[in-house]
Amino acid sequence: QVQLVESGGGSVQPGGSLRLSCAASGRTFSRDAFYWFRQAPGKEREFVAAISWTGFNTNYAGAVKGRFTISRDNAKNTASLHMNSLKSEDTADYYCAAASKYGVFFGDAMDYWGKGTLVHVAS
């Protein structure tokens, strides 16, 4: 069964850093794009970052650009999201997703979803 499992969430103080990981299983994802989405309390789900299967192309939401970095390791079938200079507004459930197409940054375009991991940023 195809699964995406996030890990690395937790509590961190503003200005701190956190690294999220997404472990994929059930098939190879070397030809799929990886995405990260998040949903904050009381808000709609929003796109965070994406990376193409080659790793050559990346995209970031304006709110995280310059602070977050998406990466992937095809040999390990994983994707990561390195988050720096975290702010309280980054608090949300973070979801890993994968799709056969790159460049469509809407949740409806995703083929697979993880169940999420909570990131809480507060003093």
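If you're wondering where the values come from, they're calculated on a predicted model, not measured in any experiment. All residue numbers refer to positions in the sequence shown, counting from 1.
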Please determine whether residues [X] and [Y] belong to a single hydrophobic cluster, defined as Ile, Leu, Val, Met, Phe, Trp and Tyr linked transitively by side-chain heavy-atom distances below 4.5 Å.
{"X": "Leu81", "Y": "Phe47", "answer": "no"}
{"X": "Tyr94", "Y": "Leu4", "answer": "yes"}
{"X": "Phe34", "Y": "Val2", "answer": "yes"}
{"X": "Tyr95", "Y": "Val121", "answer": "no"}

Would you call [X] and [Y] a side-chain contact if the rule is heavy atoms closer than 4.5 Å?
{"X": "Tyr35", "Y": "Met110", "value": "yes"}
{"X": "Leu18", "Y": "Phe68", "value": "no"}
{"X": "Met83", "Y": "Leu20", "value": "yes"}

May I ask you to decide if [Y]'s main-chain N or O and [X]'s side chain share a donor-acceptor pair within less than 3.5 Å?
{"X": "Gln39", "Y": "Ala92", "value": "no"}
{"X": "Asn77", "Y": "Gly26", "value": "no"}
{"X": "Ser52", "Y": "Asn57", "value": "yes"}

Sequence neighbours excluded, the answer for salt bridge (charged side-chain N to carboxylate O under 4.0 Å, His left out) partners of Arg31 is none
Those residues at least two apart in sequence (or on a different chain) that pass side chain to side chain contact (heavy atoms under 4.5 Å, CB included) with Thr58 are Ile51, Tyr60, Ile70
Taking all atoms of both residues into account, what is the closest heavy-atom pair of [X] and [Y], and its distance?
{"X": "Asp111", "Y": "Ala99", "value": "OD2-CA, 3.3 Å"}
{"X": "Ala109", "Y": "Val104", "value": "CB-CG1, 3.6 Å"}
{"X": "Trp36", "Y": "Ala79", "value": "CZ2-O, 4.2 Å"}
{"X": "Ala63", "Y": "Arg67", "value": "O-NH2, 2.8 Å"}
{"X": "Ser17", "Y": "Asn84", "value": "OG-OD1, 2.9 Å"}
{"X": "Ala50", "Y": "Phe105", "value": "CB-CE2, 3.7 Å"}

Interatomic distance, CG@Leu86 vs CD@Gln13, rounded to 0.5 Å, equals 11.5 Å
Distance col, row Tyr112:OH vs Cys22:SG, nearest 0.5 angstrom, shows 13.0 Å
Exercise for review: Determine, stepwise, if the pair Ser21 / Arg19 fulfils side-chain hydrogen bond (donor to acceptor under 3.5 Å, both in side chains).
Suggested key: CA-CA 7 Å; Ser21 295; Arg19 177 178 178 271; 3.1 Å; yes
Which of Asp90, Asp93, Val119, Thr91 passes side-chain contact (heavy atoms from CB on, under 4.5 Å) with Arg38? Answer is Asp90
| request: State whether the number of non-hydrogen atoms from other residues, nucleotides or ligands found under 6.0 Å of Trp53 atom CH2 is greater than 12. | output: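 12 or below, so no.
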